[in-house]
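For the numbers below, each heavy atom of this structure counts, side chains included, while hydrogens, waters and symmetry mates do not. Sequence lines set the chain letters: A, B, ... in the order given, protein chains first and strands last, and positions in each chain run from 1.
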Amino acid sequence: MRYQRPKGTADILPGEAQKWNYVEETARMLFDDYRYQEIRTPMFENFDVFSRTSGDTSDVVTKEMYDFNDKGDRHMSLRPEGTAGVVRAFVENKLYGPEHPRPVKVFYMGSMFRYERPQSGRQREFHQIGVEAFGSNEPELDVEVIAMGMDLLKHFGLSGLRLEINSLGDQASRDAYRQALIDYLDPHFDELSDDSKVRLHKNPLRVLDSKDKRDQEIVKDAPSILDYLNADSQKHFDKVKHLLESLNIPYVVDPDMVRGLDYYNHTIFEIMVDSKALGEGYTTICAGGRYNGLVEQLGGPEMPGIGFGLGMERLMLLMEAQGVKFPVLDQLDAYVVGIGDSTSALTLQIVQALRADGFAADRDYLDRKPKAQFKTANKLNAQYTITIGESELANKTANVKQMRTGTEVSVPLADIFKDFDDIITKYFTDDEEID
RNA sequence: GCGGUAUUGGUGAAGUGGUUAACACAUCGGUUUGUGGAUCCGACACGCGUGGGUUCGAUUCCCACAUACCGCCCCA
């Protein structure tokens with residue numbers, strides 16, 4: 001019986017993992033600039049943490065949760081997204097306390113799980129990088145988060161980005177709009193798709209998001225959320241737009257944009273890219289918004305929050321599609337060639353000495369002939385080979401060869417153990433740059 | 001959850017109801033035996049996703065299952 005990885009999961013193999021590492025390190029550096037600190041929360045939580053916060057009617061909860069009962073018969077779920085767990089941790093660990101300067105700004109990166117049909121850029125286990133900022137209601141923070149998302153994607157070398165924003169307003173605005181929408185849609189009830197019929201009374205905003213052609217036709221003339229924002233909400237949104245402009249960040253307002261999770265209010269946004277790698281037309285690569293009330297919902301004090309999530313798999317697909325080159329630090333400084341059994345201990349000593357000195361060094365472990373060892377050194381793109389044979393063993397010397405030029409010199413073994421750098425500068429600096 | 005397509009060695013792949021499953025790349029070995037990217041020679045599928053069935057006989061036909069990809073749904 002051969003084992004296969006679980007459906008919708010992926011093995012990230014060494015070559016690929018290097019790219020992931022590059023992306024993650026890039027993100028860490030940027031987050032540091034924005035003063036966001038890492039937080040790590042469990043990959044599974046009580047089912048309720050997600051179901052309550054995401055909304056009972058959301059697709060995530062109704063059909064995509066990777067949930068299970070543990071041996072203590074607790075209803076658990078692998079996290080389908082990052083925010084709920086972070087908020088839970090924020091509340092449980094009282095990060096809202098006065099000793100924590102506000103806003104409290106955190107980021108995370110890790111696996112998320114959704115039970116659904118895999119497709120390109122969509123897996124059951126996928127990875128997200130996300131940020132959350134708590135404790136400020138000011139539009140400036142909304143804009144910082146949005147700007148950081150854009151900044152991040154630009155750091156990854158992506159182009160053709162499109163920022164879409166919308167406002168869902170505060171609770172009062174949202175309630176008013178919700179009623180207006182129901183009033184508008186009710187007369188069309190029979191024409192709506194089945195999905196939308198269900199959504200109409202549970203979460204009418206989701207109808208706006210329907211991909212069904214007939215639904216879209218109906219929705220076209222529906223009232224706009226933007227007409228139902230009360231003064232405060234309108235002011236908030238205006239400020240966000242104004243600040244984006246002052247940072248020269250282009251954006252498009254999409255009044256029909258609704259996020260899949262119920263906890264959002266006020267500013268919501270999506271950063272999209274037009275790439276065939278993820279299907280036709282613009283697809284979302286990064287999305288987020290404000291979620292005032294979520295902290296309270298999870299048992300904390302009244303404390304606003306805002307954040308975004310970014311899909312790693314999608315990001316990697318896009319970067320590949322756009323031909324972004326990943327800087328890879330994969331240089332083998334020296335390959336130590338041993339000829340004859342008696343040299344084996346010495347070659348091992350040399351390799352270890354080089355490593356202790358900070359060089360990347362390797363040797364043969366398959367007892368192969370010199371020719372094969374050189375072939376390997378060549379294939380691994382070794383900068384230098386150090387050859388030890390019977391005669392070198394006797395003379396306490398080694399042959400150091402620069403692979404690129406083929407130049408080979410004999411040097412005392414003691415020099416190699418002392419400082420390999422000296423040998424390089426002494427014999428090979430004239431025509432080669434080492435990078 | 002629904003529909004479609006696919007599944008041959010490390011990789012890319014050809015192929016047929018019936019003796020030894022092409023070819024290429026990669027890998028390994030050799031080319032007179034302590035030195036690398038070329039040439040040449042040679043080796044390399046517990047057998048064709050898994051399990052059943054049809055058949056004298058299946059990798060090739062049928063069924064189920066698994067997985068991947070695409071579309072729907074939805075989303076990162």
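Between the side chain of A:K379 and the base of B:G37, no donor-acceptor pair under 3.5 Å is found. One N or O donor and one acceptor, one from the side chain of A:R122 and one from the base of B:C74, sit under 3.5 Å apart. Side-chain atoms of A:T376 and base atoms of B:G36 include no donor and acceptor less than 3.5 Å apart. Residue side chain A:E116 reaches the base of B:A76 through a donor-acceptor N/O pair under 3.5 Å, judged by distance alone. A donor N or O paired with an acceptor N or O is not found under 3.5 Å between the base of B:G1 and the side-chain atoms of A:E64.
Residues meeting the side chain to side chain contact (heavy atoms under 4.5 Å, CB included) test with A:A84, sequence neighbours left out: A:V49, A:F50, A:T53, A:E81. Not counting sequence neighbours, the partners of A:Y291 by the side-chain hydrogen bond (donor to acceptor under 3.5 Å, both in side chains) test are A:E132. For A:K105, the side-chain hydrogen bond (donor to acceptor under 3.5 Å, both in side chains) partners two or more places apart in sequence, or in a different chain, are A:E144. In terms of the side-chain hydrogen bond (donor to acceptor under 3.5 Å, both in side chains) criterion, residue partners of A:K19 (sequence neighbours excluded) are, by chain and number, A:E320. In this structure, the side-chain hydrogen bond (donor to acceptor under 3.5 Å, both in side chains) partners of A:T376, at least two apart in sequence or on a different chain, are A:R368.
Here B:G34 presents its P atom at 15 Å from CD of A:E408, a figure rounded to the nearest Å. Rounded to whole Å, atom C1' of B:C2 lies 12 Å from atom CD of A:Q119. In this structure, CD1 of A:I268 is placed 11 Å from P of B:A76, rounded to the nearest angstrom. We find that CD of A:Q128 is positioned 5 Å from C1' of B:A76, with the value rounded to whole Å. Spacing between atom CZ of A:F374 and atom C1' of B:U35 amounts to 4 Å, rounded to whole angstrom units. Straight-line distance from the CZ atom of A:F50 to the P atom of B:C75: 18 Å, rounded to whole Å. Rounding to whole angstrom units, CD1 of residue A:I339 and C1' of B:G36 are separated by 13 Å. Across the protein-nucleic acid pair, A:L317 atom CG and B:C75 atom P stand 19 Å apart, rounded to whole Å.
B:A26 sits 7 Å from B:U11 when the C1' atoms are compared, rounded to a whole Å. Taking atom C1' on both B:A21 and B:A76, the two are 44 Å apart, rounded to the nearest angstrom. For the C1' atoms, the distance from B:G52 to B:C44 is 32 Å, rounded to whole Å. Comparing B:C25 with B:A45, their C1' atoms are spaced 16 Å from each other, to the whole Å. Spacing between B:G37 and B:G30 at atom P, rounded to whole Å, works out to 13 Å. B:G12 and B:U54 have their C1' atoms separated by 34 Å, with the value rounded to a whole Å. Between B:U39 and B:U7, the distance separating the two P atoms is 33 Å to the nearest Å. Separation of the P atoms belonging to B:C2 and B:C61 is 26 Å when rounded to the nearest angstrom.
As judged by a 4.0 angstrom heavy-atom cut-off over every strand, A:Q123 is placed among the base-contacting residues. Residue A:E392 is classed as a base contact, given a heavy-atom separation below 4.0 Å to a base.
Using modelled atom types, one side-chain atom of A:S167 and one backbone atom of A:G169 make a donor-acceptor pair closer than 3.5 Å.
One finds no salt bridge joining A:E45 and A:R79 here, because no Lys/Arg side-chain nitrogen approaches an Asp/Glu carboxylate oxygen to under 4.0 Å.
Side chain to side chain, A:T407 and A:Q402 fail the donor-acceptor criterion of an N or O pair below 3.5 Å. Remark: the A:E164 side chain and the A:N166 side chain contain no N/O donor-acceptor pair separated by less than 3.5 Å. Using modelled atom types, one finds a donor on one side chain and an acceptor on the other under 3.5 Å when comparing A:S111 with A:H127. For the 3.5 Å distance criterion, the side chains of A:Q331 and A:N381 fail to qualify, holding no donor opposite an acceptor. Between the side chains of A:H75 and A:D67, at least one donor N or O sits under 3.5 Å from an acceptor N or O. Between A:T343 and A:E390, the side chains place no donor N or O within less than 3.5 Å of an acceptor N or O (distance only, hydrogens not considered).
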N/O to N/O distances under 3.5 Å, protein versus nucleotides 64-66 of chain B:
{"unit_1": "B:A66", "atom_1": "O2'", "unit_2": "A:Q4", "atom_2": "OE1", "d": "2.6"}

Taking N or O atoms only and anything under 3.5 Å, show me the protein contacts with nucleotides 3-6 of chain B, one pair per line.
{"unit_1": "B:G3", "atom_1": "O6", "unit_2": "A:R117", "atom_2": "NH2", "d": "3.3"}

Any N/O pairs under 3.5 Å between the protein and nucleotides 38-40 of chain B? List them or say none.
none

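For B:U35, the OP1/OP2 oxygens have no side-chain nitrogen or oxygen of A:Q373 closer than 4.0 Å.
Because its NZ or CZ atom is both nearer than 6.0 Å to the ring centre of A:Y115 and within 45° of the ring axis, A:R124 counts as a cation-pi partner of that residue.
Of all nucleotides listed (B:U35, B:A76, B:C70), B:U35 comes nearest to the side chain of A:T387. Comparing B:G29, B:A76, B:G34 by their closest approach to the side chain of A:A372 singles out B:G29.
The stretch residues 362-370 of chain A touches RNA chain B through A:R368, A:K369, each having a heavy atom under 4.0 angstrom from the strand.
For residues 392-426 of chain A, every residue pair satisfying the ring pair (Phe, Tyr, Trp, His ring centres under 6.0 Å) rule, not counting sequence neighbours, is listed here: A:F359-A:F420, A:Y384-A:F420. The stretch residues 341-362 of chain A participates, sequence neighbours left out, in these salt bridge (charged side-chain N to carboxylate O under 4.0 Å, His left out) pairs: A:R355-A:D362.
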Pairing of RNA chain B as dot-bracket, 5' to 3': ( ) intra-strand, [ ] crossing, | other strand, . unpaired, with Watson-Crick or G-U pairs under 3.5 Å? (((((((..(((.....[....))).((((.........)))).....(((((..]....))))))))))))....
Residue pair A:E38, A:R28: steps toward the salt bridge (charged side-chain N to carboxylate O under 4.0 Å, His left out) verdict: CA-CA 8 Å; A:E38 182 167 13; A:R28 283 177 194 282; 2.6 Å; yes
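If you run ring-ring contact (aromatic ring centres under 6.0 Å, His included) between A:F107 and each of A:F31, A:Y34, A:F308, only A:F31 comes through.
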